[in-house]
Amino acid sequence: MLPLLPIVSLAQTPPPPSPFLLAQIVTQPQEVRPLPGKLDAVPVFNSNSPEVIQTEGILLSTFYTLGKRSLFAHLNYSFDGRFDVFAHHIARPPRSKSSAPLYLGVIVFNPGDRPVKLDVLQAVSYLTFPDAPFIDLPPVVENPLGTVYSGPGSRLANDILRGVHQDFFPTQIEILPGKSQMLLNLPIPNSTGRSTLIRLNSNGRVYVASLAMHARPDSSKGKTSEIAYRAPTVEEWKNLLDNGTLVSPRDRPPTPPELIDKIPQIYYGRVAGVAMGSQWQATATDNNSPDLSIPEAGKAFSYPISTVEDGTLGTNQVQSAPLAVRYSDTAYHAHGNYGVRYSLSLPLHNPTRDTQAVAVTVQTPLKEDEVKGGLRFVQSSPEDDPVFFRGTVQLSYKDDYGEEVTRYVHLVQRRGQMGETLIGLNMPPGDRRLVKIDFLYPPDATPPQVVTVKTLDTKAP
């Protein structure tokens with residue numbers, strides 16, 4: 001059996017460093033700059049709370065309340081144009097309950113008086129087992145074919161980055177006036193998780209809901225020694241939407257924003273709502289210049305990725321997507337930006353008179369809000385320390401031979417890991433190299449990370 005890795009999600013408060021870790025913490029003097037750019041305005045239907053599903057019910061509904069039994073379960077938010085659907089849940093019903101597998105359903109409703117065409121631009125959905133089990137991987141693995149992944153979030157982010165569209169999803173759905181269609185109707189076997197990301201474009205207003213329901217007995221199979229099950233029908237999903245209530249038990253509620261800087265340990269909570277932002281595009285340059293000057297020899301600067309409240313690494317920049325609507329007991333922001341695509345361009349320039357050796361990497365420093373003297377790392381991460389990042393990044397650049405290179409690299413980083421050099425460049429005087437780093441922030445990662453540019457001190461002994 002493949003070894004499992006522990007999961008530490010953002011909704012949980014990571015355990016405090018052990019005495020061993022405290023003894024191993026080192027400070028690297030590197031400047032941290034706010035990440036340029038911003039999230040786009042694409043709304044994201046974000047269904048991640050409760051993460052663990054134990055009962056049938058409504059996970060997230062943006063439907064209006066008219067005709068619904070549970071008024072507080074519907075957020076009255078419609079989508080029109082570009083939007084995404086993200087869902088990440090684990091099925092773990094009590095043993096005393098039905099043995100029928102749980103299904104995750106995403107239903108879309110057309111409230112208008114004309115048909116709506118819903119273009120499915122890209123869609124990927126994976127289970128932990130058998131699709132993408134958590135396996136132990138080295139910190140850096142070249143991933144040219146997309147076959148390297150660990151966990152459904154890692155595989156999902158890898159596939160979306162490469163433009164994969166699973167063939168069991170349609171490319172377009174037509175929804176008649178006043179009618180509903182299922183966008184997703186897939187099982188989540190017990191003790192298994194499913195991660196889903198769907199890019200969509202609608203030519204009219206629609207409402208969306210995610211729900212959990214047990215499979216139904218399949219009477220068409222006749223009498224057998226074992227009960228046969230089938231997926232719920234659209235009518236059964238609609239009945240649950242109209243007459244059901246929110247799935248329980250609920251996740252632990254988040255720390256109110258006004259208390260975040262007043263208590264020693266905070267809880268971010270999980271997301272159930274509509275987040276505003278699907279992609280962050282950034283071009284990092286010097287002030288009033290199209291170039292980004294490399295640091296002085298022996299120095300480094302970093303750009304943070306997915307910063308959260310009380311974890312901005314001294315930049316005062318919270319990148320978490322705001323929520324247009326949410327349930328009152330769920331996260332105030334989309335902390336972690338799961339599924340958000342980060343596209344970072346670094347137009348590097350060597351303004352010196354000497355050839356400089358430059359290293360570009362991704363790092364996972366210890367989470368801090370204020371930085372004193374530099375970022376803090378764990379000098380030697382023990383194997384039992386939690387994994388904070390597990391996913392593939394795309395690297396594009398011109399190498400030292402003038403060749404355009406595009407690489408896919410799968411990274412595994414534990415809390416406080418300094419990271420290995422991903423791109424090494426020898427830049428002659430006046431040289432310019434455009435480096436691009438592209439990835440989706442993978443579900444089950446724990447922020448923040450940084451993209452770091454360092455000029456090596458080649459004169460050092």
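- Within 6.0 Å of CD on Glu370 lie no more than 12 heavy atoms contributed by other residues, nucleotides or ligands.
- The closest donor-acceptor contact from the side chain of Gln181 to the backbone of Val108 lies at 3.5 Å or more, if one exists at all.
- For Leu259, the CG atom sits in a packed shell: over 12 heavy atoms of surrounding residues, nucleotides or ligands are nearer than 6.0 Å.
- Scanning both residues, Glu51 and Asp251, for their nearest heavy atoms gives N-OD2, 3.1 Å.
- Gln166 places a side-chain N or O within 3.5 Å of a backbone atom of Ser125 that can act as its donor or acceptor partner.
- Under the 30°/60° scheme for interplanar angles, the aromatic rings of Tyr207 and Tyr64 are found to stand perpendicular.
- Although no hydrogens or angles enter the test, the distance criterion places a donor-acceptor pair under 3.5 Å between the side chain of Asn185 and the main chain of Pro232.
- Annotation for Arg69: atom CZ does not count as buried by contact number, only 12 or fewer foreign heavy atoms lying within 6.0 Å.
- In this structure, the separation between CG on Leu183 and CD1 on Ile198 is 4.0 Å, given to the nearest 0.5 Å.
- Looking at heavy atoms from C-beta onward, Leu395 lies out of side-chain contact with Val405 at the 4.5 angstrom threshold.
- Between Phe79 and Tyr77, the two ring planes are perpendicular [angle over 60°; tilted spans 30° to 60°].
- Of the residues Asp40, Asp438, Asp84, the one that meets the salt bridge (Lys or Arg N to Asp or Glu O under 4.0 Å) test with Arg341 is Asp438.
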